[in-house]
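Read through the structure below, which is laid out as structure tokens, and then see the notes.
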Number of protein chains: 2
Amino acid sequence: MTGKKPQRSTFHKRLDHMIATLRNQIVSGNYAPGEMLPSIAELGEQYGLSKNSVRKGLELLSEEELIMKLPKVGARVLHPVPERQIKIKLGCYKNIAKEAKLDALLQAFHAKYPQVEVQSFLLPYDPYHTTVKEFMDNDWLDVMTMNYSDFKLFSTDTESEYLEELDSFPGTYKFLSKLFTYNERLLAVPWIFSPVILAYNQSHFTQSGLTEPNSSWTWEDLKAAAAKLAADHGGFGFYYHMPSSNRWPIMLLQNGFVNGAENAEAEKAKFIASIEECRDLIVNQSYSPLHFSESNADVEELFARGKASMILCTYYSLNKMQSADVDYDIAPIPRRDTPATLLLTTGLAVNARSRHKHAAKLLVDFLLSEEAQLMIRKQTLSIPSLERAAEWKGVDELHRPSRFHMYREIIPTFKLMTDLGLHHRDIIAIRRELMLFWAGMEEAEAVWERVQQLLELRNPVN
Amino acid sequence: MTGKKPQRSTFHKRLDHMIATLRNQIVSGNYAPGEMLPSIAELGEQYGLSKNSVRKGLELLSEEELIMKLPKVGARVLHPVPERQIKIKLGCYKNIAKEAKLDALLQAFHAKYPQVEVQSFLLPYDPYHTTVKEFMDNDWLDVMTMNYSDFKLFSTDTESEYLEELDSFPGTYKFLSKLFTYNERLLAVPWIFSPVILAYNQSHFTQSGLTEPNSSWTWEDLKAAAAKLAADHGGFGFYYHMPSSNRWPIMLLQNGFVNGAENAEAEKAKFIASIEECRDLIVNQSYSPLHFSESNADVEELFARGKASMILCTYYSLNKMQSADVDYDIAPIPRRDTPATLLLTTGLAVNARSRHKHAAKLLVDFLLSEEAQLMIRKQTLSIPSLERAAEWKGVDELHRPSRFHMYREIIPTFKLMTDLGLHHRDIIAIRRELMLFWAGMEEAEAVWERVQQLLELRNPVN
DNA sequence: CCTCTTTTGTACGAACAATTC
DNA sequence: AGAATTGTTCGTACAAAAGAG
């Protein structure tokens with residue numbers, strides 16, 4: 001090509017040809033890793049390009065990390081790197097690591113997709129909604145865990161824009177499938193779930209000669225058993241963390257309370273009966289020491305130490321009892337008329353404005369895959385949302401309560417906070433009033449009046 | 001310069017000359033904003049440079065935002081921009097916004113330094129230490145609030161590397177100045193502080209004909225008053241959130257307990273006496289309803305509603321009572337032998353690896369400035385660490401308890417958690433055992449044995 | 001340590017393409 | 001339509017550094 005002037009118009013063709021040829025030769029191994037490419041002058045001769053142009057081409061290959069430019073020496077062919085590393089950030093609730101064996105899951109994910117690195121970290125809770133939005137705005141968050149209550153805060157036209165629409169996963173339990181939809185769009189996928197259940201100390205029951213709780217139990221049955229257990233074992237016969245928003249509202253659910261229902265007098269009666277029953281479960285025990293639980297975790301600790309014979313808890317919390325040497329089993333919570341319990345669901349959501357949406361969805365897909373869901377099923381006591389995985393039958397490597405599968409028989413009793421016509425923030429506001437009632441400082445009637453005032457400011461939700 | 005070949009060696013001199021000249025002419029206004037610079041060819045002629053070189057020079061000025069290159073048109077002189085906008089991230093404890101009027105402070109900061117934008121957000125707490133380190137690693141955090149307990153977790157050779165050394169602020173209270181030092185290096189600056197204090201409902205005291213609490217009060221005096229107050233007003237005469245790590249350890253402090261002290265029997269006696277007194281303050285009230293406080297906030301709510309006549313709280317928490325119409329004042333907490341209370345200090349720390357360390361320090365400097373500290377003094381009931389600001393005398397725009405300045409008289413009684421020879425994590429571990437004791441499920445002796453075992457695994461701290 | 005060769009890196013001036021006005 | 005200006009490439013020249021002997 002020397003001597004002849006190259007056509008200006010063919011420049012791009014010539015340059016692209018050189019780049020493509022070199023790239024091919026490198027990836028095909030024609031130029032081995034470590035080898036030096038021909039000099040710029042040579043390449044220029046060969047492809048009819050000026051030195052400057054060849055340099056630009058090499059610069060591009062260097063950015064692709066196919067070669068490494070050594071200043072004043074030449075261009076060395078690099079060892080091929082599978083793909084560009086992507087880093088995504090996964091924001092989690094505090095206990096998820098234990099409840100879902102997150103470390104193991106992420107390790108498996110990374111083994112499968114080495115090009116994606118997942119960094120998990122704790123999300124600030126309380127308030128979840130506003131802080132998580134802030135995190136998404138700052139691109140600090142690609143994927144996050146989100147329970148049903150928190151999801152409801154994203155269920156408005158503007159707020160739902162924060163969350164990426166996701167494909168549904170066939171094979172998840174049907175009662176979970178509609179939870180995280182808004183305007184027909186699935187904005188989070190149910191990942192793990194648990195109803196609120198009763199855990200009981202099996203040794204205590206045996207020693208006291210009591211038959212174990214079953215689905216026929218009413219709260220009266222529980223109280224009777226609790227009295228005997230307390231007398232025999234010197235701890236709480238039954239205990240639960242009353243102020244928790246995942247506990248006391250269950251009594252409202254069991255009484256069929258619905259905010260804004262037609263018959264106001266009937267709702268009032270249900271409300272008052274509920275909050276009195278909540279109190280009486282704690283107060284009217286024959287053994288009733290002072291109790292200062294600050295959280296559900298305190299209750300679980302009490303149970304793990306054998307200081308409470310029965311507690312309200314969840315499948316999630318059973319994971320903490322692995323390390324304790326308490327001999328326990330689980331049962332449905334007692335009923336009033338129709339049985340009911342609260343369903344807690346933890347979903348996964350993707351930041352709609354994530355810069356790595358593809359990788360984020362890859363992670364969600366993996367965490368919902370049969371592989372990951374089976375890992376959760378085998379290595380934790382939480383219930384995966386994939387039916388096939390949850391109902392897996394095999395030899396356990398883990399200590400598991402014998403009635404672990406009990407939840408399958410009580411699915412019709414699963415209820416949601418929104419079945420009360422109340423949002424999470426209503427529940428929080430009502431709790432403040434209930435604290436006074438339970439402390440004996442306010443009459444039930446007066447509490448109902450205050451609650452009515454509080455709720456009037458909002459509309460009922462579905 | 002035409003015709004004559006320019007010296008290769010003088011190239012940089014010529015290019016720098018052109019750039020410097022143009023920059024001067026632009027900033028001096030010789031080229032007005034909006035005006036077009038001469039063409040590349042003209043400039044090349046003038047400064048003895050090739051077109052390509054002139055282009056590179058203009059590229060540089062364009063990066064400096066002195067000019068704007070309009071493709072195929074020319075270079076337009078830009079309106080001068082004061083300085084490059086910097087964004088720094090401030091991580092806060094949940095209640096800081098209310099306790100320090102953070103919004104107002106940041107607004108004032110931005111007015112003073114418009115080139116720095118501060119974004120504040122909530123830090124995940126529990127565990128603070130590990131999550132905050134993670135945030136710093138990710139460069140999500142330039143400045144953060146940090147209390148004394150949390151600071152102690154950074155007080156090791158490796159951990160302290162996370163925090164930038166800061167200059168001390170002359171004029172801060174002396175008892176604060178050494179708190180945040182490690183190895184003679186100041187790693188956080190005390191910003192606001194509060195001792196734990198007693199708040200009391202003034203109307204209740206008047207109506208019951210009781211004299212108001214003063215520094216001579218013992219816990220016996222408090223109990224006597226509480227009994228009368230409870231009888232007269234039907235709420236708690238006295239209440240506090242016993243399980244809080246900022247409450248029950250005070251009794252240990254007042255009893256002079258020191259972990260690892262020589263006389264083990266004496267320490268045991270002090271420990272047992274302390275935890276029994278904690279319990280008796282709640283249990284042995286003549287009025288003692290069921291109580292379920294989950295946090296100090298619940299106690300403050302009770303007080304704000306007039307359902308508790310006396311509570312343990314802090315200057316910080318007084319900010320929440322602004323909106324309540326309770327008529328209250330404050331006093332030192334009762335004493336045992338020598339008076340003692342717990343000092344809580346919130347400091348500010350800078351991420352040592354922050355990319356905007358200068359701006360971060362600018363913010364810290366501002367938040368400790370007399371201007372900001374006075375704002376805190378005037379607009380909140382928290383105590384700023386700057387003595388001049390804290391002791392400012394002027395007409396209040398805020399409702400302030402008449403004994404606000406009381407803290408100045410009890411400075412010698414301020415103690416630290418570490419005076420017990422215990423770290424925050426020890427306190428948490430001990431609390432778990434105390435819960436059983438307070439619930440009446442464990443004997444004091446047995447608790448002491450367990451605590452001894454727990455503490456043996458650690459060394460005493462100073 | 002110095003010298004010579006090779007190669008990269010950078011600048012120049014000219015030519016021409018592309019775009020604006 | 002055409003003048004002016006920017007933007008891109010080429011061939012050449014030379015400086016700077018690496019590496020061999």
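In what follows, chains carry the letters A, B, and so on, assigned in the order in which the sequence lines appear, proteins first and then strands, with residues in each chain numbered from 1. Please read all numbers here as calculations on a predicted model, not as lab measurements.
- Ring pair W140(A)/F135(B) is perpendicular by interplanar angle, where above 60° counts as perpendicular and below 30° as parallel.
- Of the two residues contacting DNA chain C, namely S9(A) and L49(B), the nearest-nucleotide position lying further toward the 5' end is that of L49(B).
- Atom-to-atom, CE of M68(B) to P of dT6(D) comes out at 16 Å; the value is rounded to the nearest Å.
- In terms of position along DNA chain C, the nucleotide closest to I40(A) lies nearer the 5' end than the nucleotide closest to the other residue of the pair V54(B) and I40(A).
- Between E42(B) and S50(A), the residue anchored closer to the 5' end of DNA chain D is E42(B), taking for each the nucleotide with the nearest heavy atom.
- Taking atom CG of residue N52(B) and atom P of nucleotide dT5(D), one finds them 18 Å apart after rounding to whole Å.
- Of the residues near DNA chain D, H12(A) and P71(A), the one whose nearest nucleotide (by heavy atom distance) lies more toward the 5' end is H12(A).
- Without hydrogens or angle criteria, S369(A) side chain to A372(A) main chain gives a donor-acceptor distance under 3.5 Å.
- Here dT8(C) presents its P atom at 10 Å from NZ of K72(A), a figure rounded to the nearest Å.
- Whole-Å rounding puts the R55(A) CZ to dC10(D) P distance at 13 Å.
- Regarding E59(A), its CD atom lies at a distance of 16 Å from the P atom of dT8(D), rounded to whole Å.
- A side-chain donor from one of Y93(A) and D150(A) sits under 3.5 Å from a side-chain acceptor of the other.
- Distance CZ (R14(B)) to P (dT10(C)): 16 Å, rounded to an integer number of Å.
- Rounded to a whole Å, the NZ atom of K56(A) is 14 Å from the P atom of dG9(C).
- Atom CG of L70(B) and atom C1' of dA4(D) are 15 Å apart (whole Å).
- Between F151(A) and F154(A), the distance separating the two ring centers is not shorter than 6.0 angstrom.
- For K51(A) and dG9(C), a side-chain-to-base donor-acceptor distance below 3.5 Å is present, hydrogens and geometry of angles not being considered.
- In summary, R353(A) and E161(A) do not engage in a salt bridge, as defined by a charged side-chain N under 4.0 Å from a carboxylate O.
- When distances are taken from the side chain of F11(A) to each of dC10(D), dG7(D), dT20(C), the shortest belongs to dC10(D).
- Picking from dT9(D), dG19(D), dT5(D) the nucleotide with the shortest atom distance to the side chain of S53(A) gives dT9(D).
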